[in-house]
Amino acid sequence: MAALLRSARLLKCSPALLLQVTGNTRHAPAAGRLYSGAQRGLVKDEPSVAVRSKQAQQFDWALAKLDSSVRRTGRVTKTLLLHIFHDICRTGYPSGNQALLMLRSCGSLLPEVPLVERIELSQRIWDKLQELGATYDVSHYNALLKTYLQNEFRFSPTDFLAKMEAANVQPNRVTYQRLIAAYCEVGDIEGASTILGFMKSKDLPITEAVFNSLATGHARARDMDSAEGILSVMKGAGIEPGPDTYLSLLNVYAEKGDFAKMKQTLEMVENADIHLMDRDLMQVVFSLTKAGHQQYVPEIVERMHHERGYVPDAMNLCLSLITHGHEETAFSVLKSFTGLLVQSQTSDSPDLGNFFLRHCVNMDKNIVRFCKDLKDSGLHSSPLQFTLQCSLEAKKTGMAVELMRRMKEEGVPLRPHYFWPLFTHYQKEKNISGTLQALRAMQELGVASDMDTFSIYILPSFPSVDSARTSLKEAGIDVDANILIAAELRAEASRGNLAGLFSLMSSPALPNVDLSAFRASLISGFRGVKLVLLSFFAENVAYFLYNLIDSMNETEVHSKEEQLREYFGLLKNMNISISLNIFRGIRNILESYQVPELVKVFYYYPTHLQEIACFHVVKYGGCWSVTSHHSKPVVSICVSMCVVELCLSHQKLERALELKILYEADMTPAAYAMLINLCCRHDNAEEALKLKMELARKDSEVALDAQKYVALVRVLSKHGKLEEAIDMLKEMKEKDVQLRDGTISLLTLTMNTAAMKGDANSIRRLQEAIFTLGLAKPSSNLCSPLITCYLESGNYAGAFDATVEVHKQYNQMPKIHDLICGLVEKGDAELLQNVVEFLSQERGEMMMLYDLYFAFLQTGRYKEARKIIETPGLRARPTRLQWFAEKCIAAQQMEPLENMVDMTVKLFECDRDDMYHCLLRLCKETNDWQKAEATWMKMQEENLAPRERTLRLLADILKNNDKEVPFEVPEMTGEEMAVSINTHIQHHVLFIKTADPTTHFAISQTTVVFNQYPSSFCLLSATDHVPEFSLSDNANSLLIVSQVKRCQMKDALGTLKGMLQADQVPSQLAITRLVQGLASEGNTQDIQEVEALVKTLGSIKLSSMLFVNNAALAHIKNAVELLQSFYIQNTDNQKSSISFVFRKVLDANNDAALDKLSAMVERLCNHFASYRAATDLFLMYLDTGRTEEAKFLLQVLSLTNQDMHEDSVTLLNCLDKDFSSAKALYERMQAEGVKADELTLKRLALLYKEAGEPVPFEEPPESFSFYADKLKKQRSESMEPADC
């Protein structure tokens, strides 16, 4: 194609001949595929899924913010764009979709940036992201082309195509359309004709966009006759000119300054019943201004309708005009819509036009006259001050000084802090001359510099205070000596030069300076250097000390504890007193930092801390009494079982009734309920009512469940027993039977059955009963049957009256869409007008318009629908649009959905990605890959950057039809993956459930499993059914746990091996559950294999007893020898616990294994002096309530006092809150020489105090948390983890 274009000048092609296309419509699908999915971009190592996921999370918020800014305001700022770009670059792995979004943002979405800078930015983004490995497809090249066109960048289409060919990227229809536009921008009709001929040879549709470009091209080639003839050529080709075509002609006339033709074209638009939006007219304003015909701008502005979105679009127009040097026109446009802004103002001080002032400052425009105009017209309360702020932020010194001079002339007071941004800028650059220049400007404007200005912003710019004095003197700048000295004191203090500060303060020439002037700097200096004693006055020391301690965090206090202790000692020696309030404040701070020794040095005082500690009370032993209940006669149970069995069979109702008569005296309420429900299923209203009356006579207090009551209501109302049905509803209210969503749906179904019969009276009676009794709140579903009753019979007037009635009574408006659709199809304009007026009054005009719009779409009145959606002021309602899209998808109605997507292209705040995603969902439902491909083309024509879910959906459609995917497919995140699999599973569950009633039980069980373990069930389904599905570390760990729960040990072991081969790290829980599962099956060999596999995983902290304990459980016959050898051969492991083994054996009531373990424990104690196992068994006996076995174990083993130390302490802790028992146990410990730790003594002392008795030992002085942390640390250092 590039070679063809190079020889284009040799061809004599007639555009008129090339435009003779037939059978093409405005929305004709592409006939061929001209792109390739070959890999493009630089080759780079692919990151792992985990790396991509974490990196994506870092800038997802920024991408969402960018997209939101575009949809809300129609623009983005360069700062935000660069921030996101740098975030993407830092991640190192940009995706194609991110690159597309960035390129899309480099055109007209940056109205505040000059065209040259936009081009440079787009090229920078293109090169950098390609360098980082982004894969570019045809959509990226099309986006780059759009950026070139929007930024009026002149480039060679031939070279552009050559670059695409070199990158192995095939152009598509959108590419050719934009290349034609590029040729037409410079009036090169021959180049455009060449591409046009190529498109025709490939059977590519010639769309409206091509004709619009040709109109522009002919005009710029000074062939206005051909440009105006485009309309007739389009009609001859079967394409109806739309708003964009007329907009192209208006722009052409605007460039020529032919306002008469513009008026004529606008009249043609009105006559053709075509609506030009305000955004379109703004393009005409821009064209007029650029061409130097600003005198016509007011007349175009007057034609605007001030639609929804007018203000942000007008702001963007003003920004673009200022950027192009037309601030006068921009200001006139600004004043045209300030009336709308005034209405939205909520404060008494108007600030309209801030965006205008800020951008004028950034573009170095003369802005004083605009400030005066805004102030005089009352649109802005302080335009000069705001403009000054903007100029200071932009570091424009000259403009800022000029603005301050103007403010002084108007009598506005000037403050020293106005100059601080200038001083800060010069200070960072070490620009002494700039600092002096700003200081001189302050003096010229009569602004006195204060101490803050000198100390913070001026003096730091100079190497020293002496040099500052010299420079100020040479520059002829007079400074108050007292202010300079105070600033010098603050500067020295903040620098930490305490010696120099002491020298200055000791000078006799020092004026009277308030300490508050440099107290904060002094504290900062103290924190940065070694603490020394300052010779303050005694009354100032206390405040200084408090501020010093308060400004230090806990880490700093701990690191400088010795220095603070020394300082406190010096204060004490100097007899400096501190007030009580300050003393308490410092004490509280030090106590919160956990420095008890420092607190004691500060002031020795007894601590009275009341700490509340809550402990669980564990009681050992106890008596359990079991009482046996007399069961009902066996005959009654048998009868109930037979009845239930027959009910579940769905068949032998007669036999069930016979058994009921035979054993009526023994029938239970449950059996009656089953029979009643079975009668309702068999539509036997008489027998169901009879059984219900019998049950009420037997036991009037018995209540059925909600589903059976509703089943009774349904069968009774169906057979004309309306009063009895209402009685059932009243009984539900009396017995407080709650309705759930499922039973409410059954009530709706009941009334729908009456609606099919046309029984409106029954529906009204049932609705009144349900809502009056409060069984359910009025909803659209419950109110809809009454409307359906009239719609089914074609009585639309009755349906409307019923709608008004329902809305008046229950504030619901169901079936309004069906009512309007019926009226549109019937053509009843009068009744339709009544419905529209009613909707407008009750729901608002906008909701009414949407109702009418959807009805026109549903009935195929697309021309009328387009008029509705182009109503000035209409904005997107995402929930309404989504509702109709879901309705079309469910009914597989492609035409109305496609038209809605096309019509909403210019709808304000419409999420275009959502629209196209819905359209692609329907394409997937119908397996229409051609329509999906045409949708992809439309997305590129709109220059849309789709979300990742939309790209994945499109790729899925193409892959399922064996078509090549023309773009990089984004990876699915974990959350999206779970949602997708969840939806997939629920779809199949519902399918099976509705396919065969006999599978009800199986599906219910499956649903229970799914509800209990949703994540694992999703993962299992994904790995079983999705090809090439890979899981992350966490997901695979969850899969192992799930497989163990399903007793799939081999699969779980295989998953673990696969994780290790893929360099993934399993979780501690996954390994633990796998080993425990293998132990439950007695698989010692696989336990050893797992142990060998995880030895290389140093990052997982597993208990050293995990494999020992579970190997013992796996082979209980060898458990004794294994455990005994472990304790005998490893004398260092006396702290390792095997309580897990004892717990499992006791829970399983395995007496044989327990006897062997008890014998082992006795041998270890008596022959090898190893008491750890005995301690574990003893504590397990206590924990499981086996107090007698525990006592027997103590007697048999004859454990020494030292061996039972830990058990006594444990018992003492367990007896917390039981003072008498704790006291007795402590006395026994004393008698036996068992020493308690400090935490135990602290708890015991608290018990003594609460009981009002003296503490018989010295209470540990620190807090509970202190000793708890200390004990925890000691145990962690000396004891291995015992849990497994």
Side-chain angles (χ1 to χ4, degrees), residues 75-86 110-118 120-121 124 318-319 322-325 327 330 351 353-371 374 380 382-410 412-450 452-463 468 471-472 475 477 487:
R75 68 179 183 274
V76 295
T77 63
K78 184 179 179 181
T79 303
L80 176 61
L81 189 63
L82 288 176
H83 179 60
I84 298 173
F85 174 60
H86 293 151
L110 291 172
E112 299 169 275
V113 182
L115 301 181
V116 177
E117 292 185 27
R118 293 188 205 169
E120 293 174 353
L121 181 59
R124 175 186 170 191
C318 292
L319 294 173
I322 296 171
T323 303
H324 287 78
E327 58 273 11
D351 56 354
N354 280 350
F355 77 97
F356 179 88
L357 298 174
R358 184 183 299 276
H359 193 44
C360 284
V361 169
N362 293 334
M363 300 303 295
D364 289 321
K365 304 298 181 182
N366 186 3
I367 201 172
V368 174
R369 63 184 186 280
F370 299 132
C371 293
L374 287 173
H380 203 297
S382 53
L384 284 174
Q385 289 90 327
F386 178 79
T387 307
L388 173 60
Q389 176 186 342
C390 296
S391 62
L392 291 172
E393 290 174 355
K395 303 173 185 177
K396 298 182 181 296
T397 306
M399 181 181 292
V401 172
E402 181 61 30
L403 287 169
M404 283 189 278
R405 185 174 287 110
R406 188 60 178 263
M407 290 168 61
K408 184 178 180 181
E409 293 175 359
E410 294 186 2
V412 179
L414 300 179
R415 310 295 185 191
H417 65 266
Y418 291 175
F419 292 83
W420 289 359
L422 298 178
F423 288 129
T424 301
H425 172 59
Y426 295 138
Q427 184 182 132
K428 290 180 180 179
E429 296 182 350
K430 302 296 182 182
N431 187 349
I432 296 177
S433 61
T435 302
L436 294 174
Q437 180 183 356
L439 193 56
R440 186 180 294 107
M442 284 184 67
Q443 290 196 348
E444 291 176 358
L445 293 172
V447 181
S449 55
D450 54 11
D452 288 338
T453 305
F454 261 96
S455 60
I456 301 175
Y457 300 99
I458 296 178
L459 288 183
S461 299
F462 297 91
S471 299
L472 291 173
I477 300 175

Engineer: Evaluate side chain to side chain donor-acceptor pair (under 3.5 Å) for Ser433 paired with Tyr426, printing each intermediate quantity in order.
Structural biologist: CA-CA 9 Å; Ser433 61; Tyr426 295 138; over 6 Å; no
Engineer: Would you give me the side-chain donor-acceptor pairs under 3.5 Å for residues 364-371, sequence neighbours excluded?
Structural biologist:
residue : atom : partner : partner atom : Å
Asp364  : OD1  : Lys396  : NZ           : 3.0
Arg369  : NE   : Glu328  : OE2          : 2.9
Arg369  : NH1  : Asn366  : O            : 3.0
Arg369  : NH2  : Glu328  : OE2          : 2.7

Engineer: Would you say the side chain of Leu319 lies within less than 4.5 Å of the side chain of Arg75, judging by non-hydrogen atoms?
Structural biologist: yes
Engineer: Is any side-chain heavy atom of Ile322 closer than 4.5 Å to one of Phe355?
Structural biologist: no
Engineer: Treating Ser382 as the side-chain partner and Gln385 as the backbone partner, does any N or O pair qualify as donor plus acceptor under 3.5 Å?
Structural biologist: no
Engineer: Are Leu121 and Leu82 side-chain neighbours, meaning at least one heavy-atom pair lies under 4.5 Å?
Structural biologist: yes
Engineer: Is there a side-chain contact (heavy atoms from CB on, under 4.5 Å) between Glu402 and Met399? Walk through the geometry before answering.
Structural biologist: CA-CA 5 Å; Glu402 181 61 30; Met399 181 181 292; 5.7 Å; no
Engineer: If I compare all heavy atoms of Leu388 with all of Met404, which pair ends up nearest, and what's the gap?
Structural biologist: CD2-CG, 3.6 Å
Engineer: Kindly compute the distance separating CZ (Arg124) from CZ (Phe85), expressed to the nearest 0.5 Å.
Structural biologist: 5.0 Å
Engineer: Measure the spacing between NZ of Lys78 and CG of Asn362 and express it to the nearest 0.5 Å.
Structural biologist: 11.0 Å
Engineer: Who are the side chain to side chain contact (heavy atoms under 4.5 Å, CB included) partners of Lys395, not counting sequence neighbours?
Structural biologist: His425
Engineer: Quick check: do Met407 and Glu410 have side-chain heavy atoms less than 4.5 Å from each other?
Structural biologist: no
Engineer: Any side-chain heavy atom of Cys390 sitting closer than 4.5 Å to one from Leu357?
Structural biologist: no
Engineer: From the options Ile477, Thr453, Leu422, select the one residue that forms a side chain to side chain contact (heavy atoms under 4.5 Å, CB included) with Leu439.
Structural biologist: Ile477
Engineer: Exactly one of Glu112, His359, Glu117 should register a side chain to side chain donor-acceptor pair (under 3.5 Å) with Thr323. Which one does?
Structural biologist: His359
Engineer: Under the 3.5 angstrom rule, does the side chain of Lys408 hit a backbone N or O of Leu414 as a donor-acceptor pair?
Structural biologist: no
Engineer: Evaluate the side-chain proximity of Val412 to Leu384: yes if any heavy-atom separation is below 4.5 Å, no if none is.
Structural biologist: no
Engineer: How far does CZ of Arg415 sit from CH2 of Trp420, to the nearest 0.5 angstrom?
Structural biologist: 12.5 Å
Engineer: Could you tell me which non-hydrogen atom of His417 sits nearest to which non-hydrogen atom of Pro421, and how far apart they are?
Structural biologist: O-CD, 3.6 Å
Engineer: Can you see which heavy atom on Asn354 is nearest to which on Phe386, and at what distance?
Structural biologist: O-CE2, 3.3 Å
Engineer: Hey, can you tell me if Phe419 and Phe423 have their rings parallel, tilted or perpendicular (30° and 60° cut-offs)?
Structural biologist: tilted
Engineer: Is a donor on one side and an acceptor on the other found under 3.5 Å between the side chain of Arg358 and the backbone of Thr387?
Structural biologist: no
Engineer: For residues 437-447, which residue pairs qualify under side-chain hydrogen bond (donor to acceptor under 3.5 Å, both in side chains), counting only residues two or more places apart or in two chains?
Structural biologist: none
Engineer: Determine, stepwise, if the pair Gln427 / Thr435 fulfils side-chain contact (heavy atoms from CB on, under 4.5 Å).
Structural biologist: CA-CA 8 Å; Gln427 184 182 132; Thr435 302; 5.9 Å; no
Engineer: So do the side chains of Pro463 and Ile432 get within less than 4.5 Å of each other, counting heavy atoms only?
Structural biologist: yes
Engineer: Is there a donor-acceptor contact under 3.5 Å linking the side chains of Gln389 and Glu393?
Structural biologist: yes
Engineer: Side chain of Ser471, backbone of Ala468: donor and acceptor closer than 3.5 Å?
Structural biologist: no
Engineer: Under 4.5 Å between any side-chain heavy atoms of Thr79 and His83, yes or no?
Structural biologist: no
